[in-house]
2 protein chains.
Amino acid sequence: MADADTPLVLIVDDEAAQLALLGYNLKAAGFRVATAKDGDEALLAVAEQGPDVILLDWMLPRLSGLEVCRQLKATPAGRDAAIIMVSARSEETDRVRGLETGADDYIVKPYSVAELIARVRANLRRLRPTSSGQTLEVGDIRLDPDTHRVTRQGQVLHLGPTEFRLLGALMERPGKVWTREALLDRVWGRDIYIDTRTVDVHVGRLRKTLLSQGGEDPIRTVRGAGYAMG
Amino acid sequence: MADADTPLVLIVDDEAAQLALLGYNLKAAGFRVATAKDGDEALLAVAEQGPDVILLDWMLPRLSGLEVCRQLKATPAGRDAAIIMVSARSEETDRVRGLETGADDYIVKPYSVAELIARVRANLRRLRPTSSGQTLEVGDIRLDPDTHRVTRQGQVLHLGPTEFRLLGALMERPGKVWTREALLDRVWGRDIYIDTRTVDVHVGRLRKTLLSQGGEDPIRTVRGAGYAMG
DNA sequence: GATAACCGTCACGCAATCGTCACATCAAGG
DNA sequence: CCTTGATGTGACGATTGCGTGACGGTTATC
């Protein structure tokens with residue numbers, strides 16, 4: 001059961017009760033579990049054990065979760081892991097800042113165990129193709145998840161955080177038609193209540209940037225359904 | 001609107017006012033709604049109607065919400081549903097106990113309608129992950145539900161949403177003769193009042209597109225009965 | 001505290017698509 | 001050949017979906 005192929009989840013939280021609860025549920029779901037009480041322990045554990053997923057609490061003593069995230073993403077082992085920020089604060093700003101710092105996902109308290117497990121699994125799946133420095137490429141567009149850099153025909157394009165994640169989602173499965181709802185899930189996060197038309201606006205902004213250096217429109221609008229890449 | 005594809009939400013609460021309020025909001029959000037006043041009614045309703053999401057109040061007469069949750073998760077129909085516990089108590093212990101018992105999510109009073117709807121939707125999405133439909137193929141015509149792409153002999157064909165769904169229905173069961181009424185049900189939706197002749201028009205438009213690149217007419221008209229593929 | 005970047009929402013306008021009708025055409029029986 | 005009911009189809013007004021500029025609000029940065 002707990003062999004090296006079993007995904008390792010590192011839980012970083014300063015509350016012992018949280019560590020116990022999360023650990024219990026994750027073990028029950030078949031994961032290996034490591035724990036850390038603060039940022040320093042977390043950095044050490046990441047370097048030593050190389051976890052696949054890191055559950056990182058927002059509120060930590062000494063270093064904030066945000067700062068820990070930044071430092072983790074600066075280490076080789078940290079870049080190979082998916083970081084899920086856990087927060088009691090639901091404000092948009094926190095989420096954006098978390099994702100900008102390099103977190104791969106975000107979950108807001110209170111969350112369900114089913115949701116947590118689903119998130120961990122989803123990020124594990126996503127880990128393989130993208131997170132290990134794998135640059136996405138569709139046509140003449142390249143997206144580097146590590147450096148957050150997008151180029152078209154060598155030209156570097158500047159994208160906002162949301163548009164970057166939007167493009168990343170579209171490029172991850174070229175051709176697949178995403179409904180606006182699915183994109184809200186994938187790009188904005190679950191349990192976020194946002195007008196679906198907002199997706200249209202961001203697609204428009206993304207298109208504008210992608211077309212700024214000329215070239216064809218790489219995003220296909222499927223009337224009545226959603227959007228797709230390629 | 002209220003066809004079988006519309007998700008069914010079962011509300012379990014002993015206060016009539018709560019039932020009415022929640023029911024009103026959920027219906028306004030486009031869900032079908034069923035109600036139950038206590039645990040016994042809930043168990044019956046779940047077995048009979050097989051809801052997709054269950055909103056389960058914590059405080060119930062006779063059986064507690066917790067116990068109802070446990071019993072629900074012991075039934076086949078209950079396991080297929082997402083259970084959201086609704087509680088006025090915000091203590092951590094309650095949440096943990098609720099989730100340990102098998103609830104999929106948890107929402108604490110007072111909550112906003114927007115949050116409630118968002119939770120219900122989020123749990124629905126988790127319940128039915130986007131099934132990657134297999135590409136349909138009849139003769140030289142291919143239809144990919146995933147990419148919403150229709151090709152004939154490699155040529156990409158452009159179809160409107162309705163014609164796409166119409167072709168999908170026909171291709172799903174090649175040879176089967178669909179009556180106009182059945183097609184209205186399948187393609188347009190169950191409780192839609194539309195002239196059956198409209199089907200003829202759309203079949204005509206579909207034929208026109210399918211024949212635009214040459215080839216035989218793949219749709220067979222069965223006089224007095226309806227249409228069939230192949 | 002001022003500026004710039006970015007976000008989510010709204011309103012407007014255009015184009016695609018829809019449903020219906022009217023008329024043409026067809027199939028089958030007499 | 002004629003009749004009759006069913007089907008094909010072009011035209012048209014109405015609706016809907018989508019693109020997009022504008023706007024106010026928030027945050028980061030200096």
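Given the structure is predicted, the values throughout are model-derived calculations rather than measurements. These numbers come from the heavy atoms of this one structure, side chains and all, not from hydrogens, waters or symmetry mates.
Around the CZ atom of B:R207, the shell of radius 6.0 Å holds more than 12 heavy atoms that belong to other residues, nucleotides or ligands. For NZ of B:K176, the number of neighbouring non-hydrogen atoms (other residues, nucleotides, ligands) closer than 6.0 Å is greater than 12.
Rounding to whole angstrom units, CH2 of residue A:W178 and P of D:dC18 are separated by 18 Å. Atom CD1 in B:I194 sits about 12 Å away from atom P in C:dC21, given to the nearest Å. With rounding to whole Å, B:D200 atom CG is found 9 Å from D:dA6 atom C1'. The separation between A:L206 atom CG and C:dC7 atom P is 11 Å, rounded to whole Å. Taking atom CG on A:D195 and atom C1' on D:dC23, their separation rounds to 16 Å, with Å as the unit. Counting to the nearest Å, the P atom of D:dT20 and the CD atom of A:E163 are 13 Å from each other. Here the C1' atom of nucleotide D:dA22 and the NZ atom of A:K208 are 12 Å apart, to the nearest Å. If you take CG of A:L157 and P of C:dA5, they are 17 Å apart, rounded to a whole angstrom.
When A:F164, A:W188, A:Y227 are each tested for a ring-ring contact (aromatic ring centres under 6.0 Å, His included) with A:H202, only one passes: A:W188.
Ranking C:dT20, D:dT7, C:dC7 by closeness to the B:R197 side chain, first place goes to D:dT7. Comparing atom distances between the A:W188 side chain and each of C:dC7, D:dG19, C:dG8 picks out C:dG8 as nearest. Listed nucleotides: D:dC18, D:dT7, C:dG8. Nearest to the side chain of B:R223: D:dT7. Relative to the side chain of A:H202, the nucleotides C:dG19, C:dC7, D:dG8 differ in distance, and C:dC7 lies closest. Distance from the side chain of A:P161 is smallest to C:dC7 among D:dG21, C:dC7, C:dC18. Closest to the B:T221 side chain, of the nucleotides D:dG19, C:dT9, D:dT7, is D:dT7.
For B:R180 and D:dT7, the shortest distance from a side-chain N or O to OP1 or OP2 is below 4.0 Å. The phosphate of D:dT9 has neither OP1 nor OP2 within less than 4.0 Å of any side-chain N or O from B:R205. For the OP1/OP2 pair of C:dC6 and a distance below 4.0 Å, the side-chain nitrogens and oxygens of A:H158 include at least one atom meeting the criterion. Within the structure, a side-chain polar atom (N or O) of A:Y227 is placed less than 4.0 Å from OP1 or OP2 of D:dG19.
B:V201 comes within contact range of at least one nucleobase, with a heavy-atom separation under 4.0 Å. Among the protein residues, B:V199 comes within range of no part of the nucleic acid, since none of its heavy atoms lies under 4.0 Å from any strand.
Looking at A:Q49 and A:L10, their side chains never come closer than 4.5 Å, going by heavy atoms from C-beta outward.
For the atom pair CG (A:L159) and CG (A:L143), the distance works out to 8.0 Å, reported to the nearest 0.5 Å.
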